[in-house]
Amino acid sequence: MIDGRTLQSSCESGPRAGYDGYKRKRGSKVHMAVGHLLAVYVTPAGKQERAQVQRLCGDVQQATGHTVKLAWADQGYTGEAPSKAAQDNSINLQIVKLPEAKKGFVLLPRRWVVARSLGRLTRLRRLSRDYERLPEVLGELHFLVFAVLMLLSVPRVLAAAGSS
């Protein structure tokens with residue numbers, strides 16, 4: 001899954017802060033490829049998500065040894081350019097769309113992966129807002145948090161394996 005989240009700016013984020021008209025926030029946008037965190041890229045919030053597909057897909061293929069063949073994304077990644085950028089990296093980009101006649105909560109296929117990942121990130125105060133001067137530091141903090149989350153899940157996995 002690839003997706004982005006907008007973090008509200010602070011005085012430290014300075015000139016990197018852009019305006020995200022959809023979320024109505026001024027700040028930075030963190031573009032991620034998740035399942036396990038495979039790639040992170042930080043831009044001003046005004047940058048379009050679909051313009052980041054080339055870099056995200058390239059980073060994912062580099063991290064996985066060119067084994068990823070399919071990626072899901074939300075409607076922010078529709079269009080010919082993102083699809084072509086993903087195809088250039090040998091990835092088939094599938095858009096998960098909302099049903100036309102939706103009423104109330106609608107469970108979208110595979111979107112829970114992103115929702116779970118973003119939910120875990122919002123629990124951490126340091127990543128609830130853009131407090132960093134350098135975008136690289138903000139990206140690396142995301143990798144650090146996912147590494148800690150994976151280490152915290154190891155005892156549960158071992159306990160489940162021992163009980164069977």
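Taking hydrophobic clusters as Ile, Leu, Val, Met, Phe, Trp and Tyr residues chained together by side-chain heavy-atom distances below 4.5 Å, Y41 does not share a cluster with V137. Cluster membership check: V96 does not share its hydrophobic cluster with V53, using side-chain heavy-atom separations under 4.5 Å among Ile, Leu, Val, Met, Phe, Trp and Tyr. There is a path of hydrophobic side-chain contacts, each under 4.5 Å, that joins V34 to V40.
Side chains of S90 and H66: a donor-acceptor N/O pair is absent below 3.5 angstrom, by distance only.
In terms of modelled atom types and a separation under 3.5 Å, the side chain of N89 and the main chain of I91 share no donor-acceptor contact. In this structure, Q75 contributes its side chain and I95 its backbone to no donor-acceptor pair below 3.5 Å.
Interatomic distance, CZ of F143 versus NE2 of H36, reported as 13.0 Å (0.5 Å rounding). Taken to the nearest 0.5 Å, the CE atom of M1 stands 10.0 Å off from the CG atom of L70. To the nearest 0.5 angstrom, Q54 atom CD is 5.5 Å from D88 atom CG. To the nearest 0.5 angstrom, L93 atom CG is 13.5 Å from K84 atom NZ. With rounding to the nearest 0.5 Å, the separation of CG in L56 from CG in D3 is 10.0 Å. Rounding to the nearest 0.5 Å gives a distance of 8.5 Å between CE of M150 and CG of L37.
Taking both residues in full, the closest heavy atoms of H31 and Y77 are given as ND1-OH, 4.3 Å, listed atom of the first, atom of the second, then distance. For the pair V42 and S28, the tightest heavy-atom approach, listed with the atom from each and the gap, is CG1-CB, 4.2 Å. Residues V68 and T64 come closest through the heavy atom pair CG2-OG1, 3.6 Å. Nearest heavy atom pair, residue L138 against residue H142, reads O-ND1, 2.8 Å.
The residue from R5, E49, Q52 that alone fulfils the side-chain contact (heavy atoms from CB on, under 4.5 Å) condition with K29 is E49.
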task = Take N92 and K69, measure what side chain to side chain contact (heavy atoms under 4.5 Å, CB included) needs, and give me the verdict at the end.
result = CA-CA 6 Å; N92 180 16; K69 302 294 179 209; over 6 Å; no
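In Q62, the CD atom is not crowded: 12 or fewer heavy atoms of neighbouring residues, nucleotides or ligands sit closer than 6.0 Å.
In this structure, the side chain to side chain contact (heavy atoms under 4.5 Å, CB included) partners of A33, at least two apart in sequence or on a different chain, are I2, L38, A39, V60.
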